[in-house]
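Notes to accompany the following structure.
We number each residue from 1, following the sequence as shown.
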Amino acid sequence: MRFEYDLLIVAASPLALDIAYRCAALGRIGLVIPVADGQWQWQWQRWWLSQFPPPRLDTQQWQHFQTHLSHGQRRYAPRVLELVGVDMITGTGEFVWQPRCHFQVGGDRLYARGYLLLDAPAAMDTHDMDTLSRIELACWQHWSGKAPEAEGQGLPLVTTEDAWFNDRLHAALSGLGLRVPLMGRRKAPDPTPLNLHPLQRDGQGWLRLDRQGRTSHPQVYACGGWQRGYYLPSLTHFEAFTIARQVLQRKPMHLDYYHQPWWIALPIPIARVGWNARQAQQYLREPIQLWEIQHFTPEGQSLGQLLVNRQGQLLGATLMGQEAIATSRIFGQWLEQDALTAITYAGWEVDCQRQRSPKSGRGLASPLP
């Protein structure tokens, strides 16, 4: 049979359920998801942990998290999506490019104004994952008792980040007793199952995407695991939501990573938004300052480092603690505005005992994940 949609989402993670649910009022949405398996369940865990990290690591909190996860799965049950107007198709299919582009699932031909490849199937083998994804998987296994931690591998160096981020990340992992395998880098996904060979790819096999997330075919978009960079649920959700809205509203939108916070789902969350010190030192042509900030609650202390220019404007924030995720969203709205006002608005304070001396850099460019 033949079906027509404004947007067809070909999904490999439960993030698509939330995107379809949120955008259902904007147009007719078709959603193709695989049959649920262990991989799908891990993606559920990964996404939900990124949204609601446990305040501490123990059996009671893990059980509470599982209950919360079950509520979330019921929120996006097929019947609920059907009621809001989302047409859900469970199974596998492939693109047919001629005579007119469409997605074929069995005997059904699914046509759409725009197609969104939301996440590529991601192996749970640590050899095929980037460092941050391996850290998330190790935390999930540690919480759930699914597998023993790797022995003798040591903690990873996240070489794409600055020293403050590395130090805090290593401290958080050490506090959990986690050791994450170092070997391997995330590989480009295989285009064969979906018949994506006509789309342009780079030398390593990654899809070529423009600033709007569009592939070399004007109707096909991709995000998450289909592109280079950090593969984190918070970033994938931002990309997918932006792309879905621009297709449904017929309004081009660039993926603005500078103002988009991202975080790692640890019991002690670490979050980032804007520039970090390494990027500033490499590209900026003016002096910068690194401000240490802190936040106290009955649950504990949160720490942070802000990047500030000589005009006192906020250029970036790296945060750690229970307030990190919420505060990163606030600071994302205050980038390039007065840093002291942003700190006050967020309810934090400057740690005057731990300020860093100004440094200079050599230029300016927007950061990408």
Side-chain angles (χ1 to χ4, degrees), residues 44-72 132-133 135-144 155 158 161-178 180 230 232-235 237-238 259-274 276 290-307 314 316-335 339-340 342-354:
W44 263 112
Q45 302 272 6
R46 191 169 185 252
W47 175 35
W48 222 250
L49 282 172
S50 75
Q51 302 299 310
F52 309 101
R56 62 180 182 276
L57 182 63
D58 57 29
T59 302
Q60 181 180 0
Q61 286 295 328
W62 179 253
Q63 292 174 345
H64 176 74
F65 169 76
Q66 291 297 322
T67 301
H68 203 271
L69 174 62
S70 297
H71 289 314
L132 300 185
S133 297
I135 289 171
E136 288 191 321
L137 177 59
C139 288
W140 176 61
Q141 292 173 337
H142 189 79
W143 281 324
S144 61
L155 295 175
V158 187
E161 292 304 328
D162 55 66
W164 195 98
F165 183 96
N166 288 337
D167 291 344
R168 271 52 181 191
L169 178 59
H170 290 191
L173 293 173
S174 298
L176 298 178
L178 288 177
V180 182
Y230 299 141
L232 296 171
S234 54
L235 278 178
H237 188 276
F238 151 71
H259 291 86
Q260 174 58 32
W262 57 262
W263 51 86
I264 301 178
L266 296 172
I268 306 175
I270 298 178
R272 273 270 325 281
V273 66
N276 61 36
L290 300 177
W291 293 7
E292 302 286 339
I293 60 174
Q294 56 190 346
H295 185 277
F296 295 95
T297 65
E299 290 75 28
Q301 181 184 20
S302 297
L303 304 173
Q305 184 184 78
L306 301 188
L307 182 67
L314 177 64
T318 306
L319 309 163
M320 174 181 176
Q322 294 305 317
E323 302 297 319
I325 294 177
T327 306
S328 67
R329 292 166 171 159
I330 295 174
F331 283 150
Q333 300 174 349
W334 281 84
L335 290 176
L340 286 174
I343 295 171
T344 303
Y345 183 84
W348 288 53
E349 60 185 40
V350 177
D351 185 355
C352 299
Q353 303 295 322
R354 302 179 60 190

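- Thr327 contributes no side-chain N or O that, together with a main-chain N or O of Ala324, makes up a donor-acceptor pair within less than 3.5 Å.
- Of all the heavy atoms in Leu335 and Gly274, the pair that sits closest is CD1-CA, 4.0 Å.
- Here the closest non-hydrogen pair linking Leu319 and Ser328 is CD1-N, 3.5 Å.
- Distance check: Gln66 CD to His71 NE2 gives 12.0 Å after rounding to the nearest 0.5 Å.
- Going from atom OG of Ser302 over to atom CE of Met320 covers 9.0 Å, rounded to the nearest 0.5 Å.
- The two residues Gly332 and His259 have their closest heavy-atom pair at O-CD2, 3.3 Å.
- Remark: side-chain polar atoms of Trp262 are not paired, donor with acceptor, to backbone N or O of Val273 under 3.5 angstrom.
- Side-chain contact check for Gln260 versus His237: every heavy-atom pair is 4.5 Å or farther apart.
- A 4.5 Å side-chain heavy-atom check between Trp263 and Ile270 finds every atom pair outside the cut-off.
- Remark: Ile264 CD1 to Ser50 OG distance equals 11.5 Å, nearest 0.5 Å.
- The 12-atom threshold is exceeded at CZ of Phe296, counting heavy atoms of other residues, nucleotides or ligands nearer than 6.0 Å.
- In the displayed structure, Ile268 atom CD1 is contacted under 6.0 Å by at most 12 heavy atoms of other residues, nucleotides or ligands.
- A donor-acceptor pair under 3.5 Å is absent between the side-chain atoms of Arg46 and the main chain of Trp48, judged by distance alone.
- Between Trp291 and Leu340, the closest side-chain pair of non-hydrogen atoms falls below 4.5 Å.
- At least one side-chain heavy atom of Gln294 sits less than 4.5 Å from a side-chain heavy atom of Gln301.
- Gln305 is not listed as a side-chain neighbour of Ile293, based on a closest heavy-atom distance of 4.5 Å or more.
- Side chains of Leu290 and Leu306 form no contact here, defined as non-hydrogen atoms less than 4.5 Å apart.
- In this structure the side chain of Leu314 never reaches within 4.5 angstrom of the side chain of Leu307, judged on heavy atoms.
- The closest side-chain heavy-atom distance from Glu292 to Leu303 is not below 4.5 Å.
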Kindly determine whether Trp348 and Glu323 satisfy side-chain hydrogen bond (donor to acceptor under 3.5 Å, both in side chains), including the steps that lead there.
CA-CA 10 Å; Trp348 288 53; Glu323 302 297 319; 5.6 Å; no
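- To the nearest 0.5 Å, atom OG1 of residue Thr318 and atom CZ of residue Phe331 are 11.0 Å apart.
- The line from CG of Leu232 to CZ of Arg272 is 11.0 Å long, rounded to the nearest 0.5 Å.
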